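Have a look at the structure below, then the notes.
Quick note: residue numbers are just sequence positions, from 1. Remember, predicted model here, so these are calculated numbers, not experimental data.
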Amino acid sequence: MPTYKATLPHSQRVMVGIPMTGLIRSEWAMARWGQTIPCNWSQVELIRWMTTHAPLGYLVADARNVIVDEFLKGKFDWLFFIDHDVILPPGTILKLSRYMQDPVTPLYSGLYFTKSVPSEPLIYRKRGTGYYNRWKLGDKVWVDGMGMGCTIIHRSLLKACARDVPEYKVENRKIKKVFITPSYQHQDPETKEWEAQSGTEDLELCSRIIEHKLLKEAGWPELAGKEYPFLIDTSLFCRHIDMSGVQYPSMGEENEFMPVKKKPVKKRIKKYAKCQAIAR
């Protein structure tokens with residue numbers, strides 16, 4: 001039988017980037033490769049074992065930067081980050097496909113919680129205020145900070161983020177420092193006291209996008225003035241898992257965000273007095 005192949009090149013809409021240590025749980029693998037692929041998608045699975053395109057064992061920020069570097073060298077429109085310890089719910093790619101077709105922001109995320117007891121949702125509005133809790137599962141929440149474990153980012157925003165940042169060397173390649181794990185020490189010149197700051201690479205990038213007005217530079221001026229320009233879809237409720245198989249939230253912390261079930265309204269039944277004929 002002859003083999004027939006389409007002559008038109010496949011569309012490079014989205015690249016999936018997975019920073020990992022080298023080990024994954026079976027639950028993660030089943031969730032990742034059990035995803036339904038949308039109709040009329042061209043799909044290419046590319047695995048390059050133990051090369052600089054498989055960022056194994058890097059620090060998280062370095063692994064993300066290796067992936068971003070590879071992404072920007074291609075012609076992809078969106079980058080989909082899946083962390084190796086974040087389990088996707090069914091239908092994730094189908095839902096994200098709808099966002100990619102008609103985007104209102106260049107940065108979307110699903111919901112997941114910290115790997116801790118108690119667990120906290122990675123949903124943030126303003127820094128230093130803890131997590132944001134005024135939402136219910138299923139809501140779409142506008143934020144200024146999120147995790148990157150289940151996130152899609154538009155090419156225009158990553159290009160703007162990479163434009164004015166320095167290059168640095170990771171192994172044998174030079175890449176742009178788009179993601180930075182903040183760790184600063186500073187001595188107050190007046191009090192002579194040392195101050196230290198640390199954080200995570202995901203919140204640092206979100207803050208830098210807003211502070212440096214990179215949304216306007218990336219071609220999203222309608223979002224540049226918004227206080228909360230990024231969107232988290234809490235219906236994409238992912239599970240965080242450690243290598244022993246414990247999933248988070250593990251103590252039911254998500255129950256706080258369950259929608260309140262409305263009690264059904266009982267129809268009032270009119271009571272009619274029964275007429276009793278009394279024979280006299």
Side-chain angles (χ1 to χ4, degrees), residues 10-20 23-47 55 60 63-64 67-68 70-71 76-115 119-124 131 135-143 145-155 157-158 202 205-206 230-242 245-250 253-254 257-259:
H10 61 271
S11 173
Q12 296 184 358
R13 174 180 289 176
V14 58
M15 171 179 164
V16 179
I18 305 169
M20 61 169 55
L23 296 174
I24 59 171
R25 291 279 308 182
S26 58
E27 296 94 330
W28 185 95
M30 289 188 292
R32 163 65 185 90
W33 283 289
Q35 290 291 317
T36 302
I37 304 302
C39 291
N40 200 30
W41 265 42
S42 57
Q43 181 187 8
V44 177
E45 292 282 353
L46 177 60
I47 302 176
V60 177
R64 294 201 195 283
I67 291 169
V68 170
E70 192 68 19
F71 169 80
F76 303 97
D77 296 326
W78 293 87
L79 174 58
F80 182 17
F81 272 127
I82 310 172
D83 283 0
H84 79 290
D85 56 358
V86 173
I87 301 176
L88 304 179
T92 297
I93 295 178
L94 288 172
K95 185 161 288 189
L96 292 179
S97 174
R98 298 190 188 103
Y99 286 130
M100 288 187 285
Q101 289 174 356
D102 190 18
V104 296
T105 176
L107 184 53
Y108 290 92
S109 175
L111 167 69
Y112 64 106
F113 285 59
T114 57
K115 278 194 295 187
S119 292
E120 298 180 350
L122 294 165
I123 296 184
Y124 301 109
Y131 65 87
W135 54 273
K136 296 298 180 184
L137 279 170
D139 291 346
K140 295 180 177 67
V141 186
W142 288 95
V143 299
M146 60 176 64
M148 292 285 162
C150 174
T151 307
I152 57 171
I153 312 175
H154 194 262
R155 181 183 189 87
L157 184 57
L158 282 174
D202 39 27
L205 180 67
C206 291
F230 314 129
L231 192 64
I232 293 179
D233 186 343
T234 65
S235 69
L236 292 174
F237 181 22
C238 307
R239 293 285 178 172
H240 225 160
I241 189 168
D242 62 24
V246 177
Q247 297 186 24
Y248 301 87
S250 60
E253 290 90 354
E254 73 275 20
F257 306 102
M258 291 294 183

When rounded to the nearest 0.5 angstrom, what distance separates [atom1] in [X] from [atom2] in [Y]?
X      : Y      : atom1 : atom2 : answer
Ile24  : Ile82  : CD1   : CD1   : 11.0 Å
Met146 : Leu122 : CE    : CG    : 10.5 Å
Phe237 : Glu254 : CZ    : CD    : 4.5 Å

Carefully, step by step, assess Tyr124 and Val143 under the rule side chain to side chain contact (heavy atoms under 4.5 Å, CB included). CA-CA 6 Å; Tyr124 301 109; Val143 299; 5.8 Å; no
Closest contact, heavy atoms only, [X] versus [Y]:
X      : Y      : result
Tyr131 : Pro121 : CB-O, 3.3 Å
Ala31  : Ile87  : CB-CG2, 3.4 Å
Ser250 : Glu253 : N-OE1, 3.7 Å
Leu79  : Gly17  : CD1-N, 4.1 Å
Arg13  : Ser97  : NH1-OG, 3.9 Å
Gly145 : Ile232 : O-CD1, 4.4 Å

Filter on salt bridge (Lys or Arg N to Asp or Glu O under 4.0 Å), then keep only pairs touching residues 80-93, sequence neighbours left out; what's left? Arg64-Asp83, Asp85-Lys115
Note, [X] side chain near [Y] side chain (heavy atom, < 4.5 Å):
X      : Y      : answer
Phe71  : Arg155 : yes
Phe81  : Pro19  : yes
Arg32  : Ile18  : yes
Thr36  : Pro90  : no
Leu111 : Leu137 : yes
Leu96  : Leu236 : yes

Tell me, please, which residues at least two apart from Glu27 pass side chain to side chain donor-acceptor pair (under 3.5 Å). Arg25
Does Asp139 have any side chain to side chain donor-acceptor pair (under 3.5 Å) partners at least two apart in sequence or in another chain, and if so, which? none
Whether [X] side chain and [Y] backbone form a donor-acceptor pair below 3.5 Å:
X      : Y      : value
Trp28  : Val86  : yes
Thr114 : Glu120 : yes
Arg239 : Pro249 : yes
Thr234 : Lys140 : no

Any residue meeting side-chain contact (heavy atoms from CB on, under 4.5 Å) with Ser235, in chain and number order, not counting sequence neighbours: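 Ser235 satisfies side-chain contact (heavy atoms from CB on, under 4.5 Å) with Lys95, Asp233 once adjacent residues are dropped.
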Before you tell me yes or no, could you show the steps for Leu158 and Phe76 under side chain to side chain contact (heavy atoms under 4.5 Å, CB included), namely the whole-Å CA-CA distance, both residues' side-chain angles and the distance that decides it to 0.1 Å? CA-CA 11 Å; Leu158 282 174; Phe76 303 97; over 6 Å; no
Whether His240 and Tyr112 hold their rings parallel, tilted or perpendicular, with breakpoints at 30° and 60°: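 His240 vs Tyr112 ring planes: perpendicular.
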Taking ring-ring contact (aromatic ring centres under 6.0 Å, His included) as the definition, give me every residue that meets it alongside Tyr99, ordered by chain and number, with sequence neighbours left out. Tyr108
Under 3.5 Å, which donor-acceptor pairs do the side chains of residues 147-154 form with other protein atoms, sequence neighbours left out?
residue: Thr151; atom: OG1; partner: Gly147; partner atom: O; Å: 3.1
residue: His154; atom: ND1; partner: Ser156; partner atom: N; Å: 3.1
residue: His154; atom: ND1; partner: Ser156; partner atom: OG; Å: 2.8

Output, in order, the C-alpha distance, side-chain angles, deciding distance and verdict of side chain to side chain contact (heavy atoms under 4.5 Å, CB included) for Trp142 and Thr105. CA-CA 10 Å; Trp142 288 95; Thr105 176; 4.1 Å; yes
Please assess Thr92 against Phe80 for the test side chain to side chain contact (heavy atoms under 4.5 Å, CB included), listing each intermediate value before the final yes or no. CA-CA 11 Å; Thr92 297; Phe80 182 17; 4.1 Å; yes
